[in-house]
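Input: a single structure, listed below in structure tokens.
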Amino acid sequence: METFWHLMDGFVTSFELINLFMIVLGVVAGLFVGAMPGLGSVNGVAILLPITFIVPPTSAIIFLGALYYGAMYGGAISSIMLGIPGASTAVATTFDGRPMALKGQADTALIAAATASFFGGTVSIILFTLFAPPLADFALSFGPPEEFALMLMAFATFVGLGGDSILKTLFCISFGLVLSAVGLDILSGEPRLVFGNPSYLAGLITGDKYYLAEFTIGFMRKISFLVLAIGIYGIGEMLWTIETTKGGITFSQANVTLRGIIRTIGALRKNIPMMTFGSLLGFFVGILPAAGATPGSLMAYGMAKSFSRNPQAFGTGIVDGVVAPESANNAASTGSMLPMLTLGIPGSPTTAILLGGMIAWGLTPGPTLFSEVETQEFVWGLIASLYVANTAALVFNLAFIPIFVMVLKMPFTILAPVIFLLCVVGGYVPNLNMHDVWLMLIFGLGGYILRKLAYPMAPIVLAIVLGPLAEESLRQSLSISQGEIWIFFMMEKPLPDQFFTEPRIALLFVIMSVALFSFPLVKMVLNARKQRQS
Amino acid sequence: MRKAELYVSLVLALFSVYLMFKSAELPIGWLPGEGPGGGAFPFWLSLVMFVSSALIFIRALFGASAESRSTEKFMDSESKRLFMLVLLSLTALIGGIHVVGFYISIPLFMVFYIRFLGNHTWQISLSIGIVSPLLIFSLFEKVLIKLLPKGFTEPLFYVFFS
């Protein structure tokens with residue numbers, strides 16, 4: 001019942017004029033970045049985060065949350081119309097969406113995708129509302145050892161379930177963590193991994209006075225996660241897309257009418273089981289730290305196919321093949337916000353950037369968001385706004401399909417320089433620092449090269465965001481236990497004749513981390529044995 | 001692809017060693033009664049980086065990873081040309097900001113990109129080249145009060161802020 005009243009309070013927040021405006025703006029921006037090939041929710045959030053500093057944090061997160069949703073809807077548009085996924089989260093939608101468009105059923109596919117997105121969004125946001133408060137309550141009892149063990153588990157999930165090369169994943173996690181260690185050591189205050197400490201002059205305004213001020217640059221001020229995120233997901237992604245979209249693109253025609261919408265939605269009744277399945281699967285995959293909407297939708301498609309009565313129809317252009325991934329990617333995007341808000345562990349690359357944004361806004365992500373009065377407006381405002389944004393995204397998506405199809409015809413050679421420009425400005429503005437802009441270019445370039453060689457990018461971003469928190473909780477724990485590691489397993493120091501005292505929750509996370517880390521090894525051994533037998 | 005995989009992992013391994021040396025400037029060991037020292041976190045992680053990149057290199061040497069078996073080129077000549085052009089224009093954009101500032105660097109970049117890389121008409125290139133700095137100026141300098149660097153054109157802007 002308390003949840004209900006909090007949610008009502010949240011609706012009051014989300015219906016404030018500025019927040020409603022933010023929802024609409026976010027949804028439209030999301031539909032746009034989602035629909036444009038080469039841009040997805042993570043790129044939109046990374047590139048636009050610096051601009052959101054104009055509005056209060058609550059409005060900013062509402063904007064970004066709405067953008068996240070909008071992008072899930074928008075991705076389907078180019079997957080169906082062009083056969084190119086508008087975002088990685090919509091890759092699975094091309095499998096059946098594109099064949100449907102080629103059969104002349106583009107409008108049915110678009111409407112089915114939008115409706116399934118709405119369905120997935122609704123199911124998952126309801127689950128979210130129910131799960132979040134108890135989970136946050138439970139997490140309130142966590143101390144530094146639990147926090148560290150939880151983060152360890154997040155990294156272990158990448159290794160165990162990430163699906164990329166284990167060595168490359170391991171490298172990327174460590175690299176992100178090392179990057180996060182640059183700057184001043186949190187405990188002793190000594191500089192580490194800094195390379196000189198130059199300064200420069202820049203214009204500043206205080207009141208109405210304009211003057212030049214001196215700024216410290218260089219690595220002394222840490223490497224901002226935003227610089228890395230914009231580098232990888234802005235510059236790097238653009239370089240990637242420039243290379244991959246050299247070829248020609250064929251358009252499909254879609255004619256969406258109100259009558260068509262009503263008829264299609266009516267006919268979707270028989271796809272409800274598939275949508276429910278996609279939503280639930282997406283939600284739970286979204287919660288896992290290594291996964292987000294992309295694996296969520298791919299898994300939903302794969303499993304929908306294997307459970308279907310006629311799996312061979314998948315891929316030929318059937319509605320079930322569109323609704324399963326589309327409901328899953330929306331559900332997963334909501335699911336990935338659950339651990340971000342309740343535990344402070346992001347469930348996807350996009351939420352990792354959101355988490356970094358929350359820290360920049362001066363908030364502490366984690367269970368206290370739900371328990372402290374000052375932050376309740378923020379968190380429930382966001383949750384209520386997701387309900388509103390989901391509905392808004394459905395309406396805008398269906399109403400403006402012709403416009404989005406037109407937008408897709410915008411040449412990439414105009415979009416790309418605009419994005420580059422936004423990246424450069426976005427890299428500069430948070431710290432008014434050209435050093436950050438150069439660093440961003442280097443990260444973009446490096447990210448592009450590493451990505452071509454199948455190094456996963458998500459762990460780097462997650463690691464640079466979680467790095468300072470992980471190191472702090474690790475060292476705090478160890479200073480409590482005076483440098484001994486029993487603190488991660490049990491409540492009290494065992495006496496000399498004792499092996500074990502009362503276990504603590506962190507033990508569970510440690511065991512799961514070890515299991516996840518060793519998962520690929522076990523798989524390798526099993527595979528080798530199978531090969532020897534055959 | 002094979003060459004790229006080998007070179008990149010080698011560079012990464014060397015870079016990790018460099019990071020290990022840099023981290024070791026702070027205590028990397030276990031301070032009694034305190035836990036790990038300030039350099040420990042980056043040091044041991046750099047070691048993980050080194051070990052994994054070294055293993056990637058060794059695996060690539062024996063052709064054990066998909067990338068190292070691929071005979072595909074890392075970049076064909078067409079993408080290499082495009083990539084270099086984009087990269088150079090970006091470097092010129094950012095380098096130019098130091099000297100001539102945002103408001104000269106941006107239009108030049110936009111016009112160059114749209115006209116010469118995109119092959120659009122002069123009308124489109126020039127209009128985007130003129131509109132984009134105006135939009136950026138009004139959003140960032142006027143609304144957000146975040147001043148962008150202007151290089152030697154700095155004095156020209158004093159009139160807007162007096």
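With a 4.5 Å cut-off on non-hydrogen atoms, A:L239 touches chain B through its side chain but not through its backbone. Only the side chain of A:L474 comes within contact range of chain B, judged by heavy atoms closer than 4.5 Å. In this structure, chain B has no heavy atom under 4.5 Å from any part of A:L422. B:L26 touches chain A through its side chain: at least one heavy atom from C-beta onward sits under 4.5 Å away, while N, CA, C and O do not. If you measure heavy-atom distances from B:I128 to chain A, the contacts under 4.5 Å come from the side chain alone. With a 4.5 angstrom heavy-atom cutoff, A:L445 touches chain B only via side-chain atoms. Heavy-atom distances place both the backbone and the side chain of B:T91 under 4.5 Å from chain A. Residue A:I54 touches chain B through both its backbone and its side chain, counting heavy-atom pairs closer than 4.5 Å. For A:I480, no part lies under 4.5 angstrom from a heavy atom of chain B. With a 4.5 Å cut-off on non-hydrogen atoms, B:F102 touches chain A through its side chain but not through its backbone. Contact of A:P50 with chain B is not made at all, since no heavy-atom distance falls under 4.5 Å. With a 4.5 Å cut-off on non-hydrogen atoms, B:L93 touches chain A through its side chain but not through its backbone. For chain A, the nearby part of B:S16 is the side chain; its heavy atoms alone come within less than 4.5 Å. If you measure heavy-atom distances from B:F50 to chain A, you find no contacts under 4.5 Å at all.
When the shell of 6.0 Å around CZ of A:F53 is examined, it contains more than 12 heavy atoms from other residues, nucleotides or ligands. Counting non-hydrogen atoms of other residues, nucleotides and ligands closer than 6.0 Å to CH2 of A:W486 gives a total above 12. No more than 12 heavy atoms of other residues, nucleotides or ligands shown are found within 6.0 angstrom of CZ on A:F21.
Below 30°, between 30° and 60°, or above 60°: for A:F420 and B:F109 the angle between ring planes is above 60°, a perpendicular geometry. Between A:F175 and A:F171, the two ring planes are parallel [angle under 30°; tilted spans 30° to 60°].
Top candidate by heavy-atom pairs under 4.5 Å with chain A, chosen from B:N119, B:I136, B:L12, is B:L12. The greatest number of non-hydrogen atom pairs below 4.5 Å with chain B, out of A:I449, A:V418, A:T413, is found for A:T413. In terms of non-hydrogen atom pairs under 4.5 Å with chain A, the most contact-rich of B:V48, B:I114, B:I56 is B:I56. With respect to chain B, the highest number of heavy-atom pairs below 4.5 Å among A:V437, A:I414, A:I235 belongs to A:I414. Heavy-atom pairs under 4.5 Å with chain B peak, among A:S165, A:A181, A:P417, A:S180, at A:P417. Of the listed residues (B:M110, B:H120, B:R59), the one with the most heavy-atom contacts under 4.5 Å to chain A is B:H120. When each of B:F15, B:W44, B:F74 is checked for heavy-atom pairs under 4.5 Å with chain A, B:F74 comes out on top. Annotation: maximal heavy-atom pairing with chain A below 4.5 Å, among B:H98, B:M1, B:E25, B:M75, occurs at B:H98. In terms of heavy-atom pairs under 4.5 Å with chain B, the best-connected choice from A:L170, A:I166, A:T169, A:L177 is A:L177. The choice from B:L117, B:I124, B:I97 that makes the most heavy-atom pairs within less than 4.5 Å of chain A is B:I97.
Put simply, the side chain of A:K168 gets close to the backbone of A:L453: a donor and an acceptor are under 3.5 Å apart. The main-chain N or O of B:T71 is never found under 3.5 Å from a side-chain atom of B:K73 such that the two would form a donor-acceptor pair. Counting only distance, with no hydrogens or angles, the side chain of B:T153 and the backbone of B:L156 share no donor-acceptor pair below 3.5 Å.
Residues B:S132 and A:L421 form a side-chain contact, since some pair of their non-hydrogen atoms from C-beta on lies under 4.5 Å apart. Looking at heavy atoms from C-beta onward, A:V424 lies in side-chain contact with A:M440 at the 4.5 angstrom threshold. The shortest side-chain heavy-atom distance between A:I51 and A:L48 falls under the 4.5 Å cut-off.
Using a 4.0 Å cut-off between charged side-chain N and carboxylate O, A:R475 and A:E472 make no salt bridge.
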Working for salt bridge (Lys or Arg N to Asp or Glu O under 4.0 Å), residues B:E67 and A:K452
CA-CA 9 Å; B:E67 286 74 29; A:K452 279 203 82 157; over 6 Å; no
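Taking the six-membered ring for Trp and the full ring otherwise, B:F83 and A:Y448 have centroids separated by under 6.0 Å.
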